[in-house]
Amino acid sequence: MKFFIDTANLAQIKEAQDLGVLDGVTTNPSLMAKEGIKGEGNILKHYVDICNIVTGDVSAEVISTDFEGMVKEGEALADLHPQIVVKVPMIKDGVKAIKYFTEKGIRTNCTLVFSAGQALLAAKAGATYVSPFIGRLDDVSTDGLVLIEEIRTIYDNYGYQTQILAASVRHPMHIINCAKIGADVATCPLSAITALLKHPLTDSGLAQFLKDAGK
Ligand code: G3P
């Protein structure tokens, strides 16, 4: 399973890249705002800065909600850097835009996906990635992992090449369960990735080894 980091924070992206297990980055307008990135020029520069840190795909989201606006924005984003994947919301014009981008060879990430039907439409339109938000489903007492299982089954039934990118991942068990189900990618906060490192028996075992090595 690929690991993406879900942030626009350059220091966190560098830290994850330095760990040697990072396959890409996802951003969204909320994450960009959290870093105080404002104005078109600064936003575009920030995407390039991210691409220059990592070797994998970097999702950059369009703000427009109409077909023409999404196409204009998405083409400009795709022109920025070969690593850019255009992130498009799962709305009617978004599906049309994904189809358009697919035919032009521009890679896409269909975001804000909360149902298997939405994921099926994204795959039929040719999305490179589909982003089911599992944490936000959990927040409303619906098991986000069940959605990942449903999408895995549907995509496998028909051989869709769209990659399942589990998003709104909140903790290490989300990552582990996504890997068990067979999600292609999990995009996670740095804290969830580093939490995978931790086990008290590792800490106590290492302490004992170091103590014994000194004997
Ligand atoms: O990848 C989507 C993600 O940024 C949403 O996460 O925690 O705001 O639901 P969250």
Side-chain angles (χ1 to χ4, degrees), residues 1-13 15-17 21-38 43 46-47 49-51 53-54 56-65 70 73-74 77 83-91 94 98 107-116 118-119 121-123 127-148 150-152 162-179 181 183-196:
M1 186 174 70
K2 292 181 201 164
F3 278 9
F4 287 4
I5 188 167
D6 192 31
T7 185
N9 182 288
L10 298 182
Q12 290 189 14
I13 293 168
E15 187 177 337
Q17 177 67 21
V21 298
L22 191 67
D23 300 296
V25 179
T26 50
T27 64
N28 63 39
S30 304
L31 294 171
M32 294 291 275
K34 195 173 162 192
E35 300 307 317
I37 317 297
K38 289 180 196 152
I43 289 172
H46 200 76
Y47 289 137
D49 289 344
I50 294 173
C51 290
I53 296 171
V54 301
D57 290 346
V58 175
S59 287
E61 188 160 342
V62 298
I63 310 299
S64 302
T65 53
M70 285 189 223
E73 264 188 72
L77 288 169
Q83 284 165 245
I84 292 282
V85 173
V86 180
K87 206 170 182 186
V88 179
M90 170 37 79
I91 54 177
I98 289 168
R107 295 174 308 135
T108 54
N109 175 353
C110 182
T111 189
L112 289 167
V113 166
F114 293 94
S115 76
Q118 291 178 323
L121 276 178
T128 313
Y129 298 101
V130 65
S131 287
F133 278 33
I134 60 176
R136 291 192 193 183
L137 280 170
D138 290 355
D139 289 343
V140 294
S141 308
T142 302
D143 191 344
L145 292 166
V146 170
L147 176 59
I148 301 289
E150 288 175 346
I151 300 171
R152 183 73 283 156
T162 300
Q163 296 181 54
I164 303 172
L165 193 168
S168 187
V169 164
R170 303 273 175 78
H171 50 72
M173 285 312 295
H174 269 155
I175 301 176
I176 293 163
N177 285 319
C178 282
I181 292 165
D184 299 289
V185 188
T187 189
C188 323
L190 181 62
S191 58
I193 298 173
T194 54
L196 292 174

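In each ligand, atom 1 is the first atom listed, and ligand 1 is the first ligand listed.
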- Task: May I have the step-by-step check of side chain to side chain contact (heavy atoms under 4.5 Å, CB included) for Gln118 and Ile91, ending in yes or no?
- Result: CA-CA 9 Å; Gln118 291 178 323; Ile91 54 177; over 6 Å; no

- Message: Between Tyr129 and Asp184, does the side chain to side chain contact (heavy atoms under 4.5 Å, CB included) criterion hold? Intermediate values first, please.
- Response: CA-CA 9 Å; Tyr129 298 101; Asp184 299 289; over 6 Å; no

- Task: Tell me which protein heavy atom sits closest to atom 5 (C) of ligand 1, plus the residue, atom name and distance to 0.1 Å.
- Result: Arg136 NH2, 3.6 Å

- Taking only non-hydrogen atoms of Ala167 and a 4.0 Å limit, the atoms of ligand 1 in range are 1 (O), 2 (C)

- Heavy atoms only: give me the nearest Ile151-Ala116 pair and the separation to one decimal. CG1-CA, 4.5 Å

- Heavy-atom nearest neighbour in the protein, as seen from atom 7 (O) of ligand 1, with distance rounded to 0.1 Å: Arg170 NE, 2.9 Å

- Message: Please work out, at 4.0 Å between heavy atoms, whether the side chain, the backbone, both, or neither of Asn28 comes within that distance of ligand 1.
- Response: side chain

- among protein heavy atoms, the one nearest atom 6 (O) of ligand 1 is Ser168 CA, 3.5 Å

- Query: Nearest protein heavy-atom contact for atom 2 (C) of ligand 1: which residue, which atom, what distance?
  - Reply: Phe133 CZ, 3.4 Å

- Message: Counting non-hydrogen protein atoms only, what is the nearest one to atom 4 (O) of ligand 1? Give residue, atom name and distance.
- Response: Asp6 OD2, 2.6 Å

- Query: For the side chain to side chain contact (heavy atoms under 4.5 Å, CB included) test, which of Ile84, Ile13, Thr7 pairs with Ile50?
  - Reply: Ile13

- Would Cys178 and Leu145 count as a side chain to side chain contact (heavy atoms under 4.5 Å, CB included) if you check the C-alpha gap in whole Å, the side-chain angles of each, and the deciding distance to 0.1 Å? CA-CA 7 Å; Cys178 282; Leu145 292 166; 3.9 Å; yes

- Check whether any N or O atom of Thr26, backbone or side chain, sits under 3.5 Å from an N or O atom of ligand 1, and answer yes or no. no

- Tell me yes or no: between the side chains of Asn9 and Glu35, is some donor less than 3.5 Å from an acceptor? yes

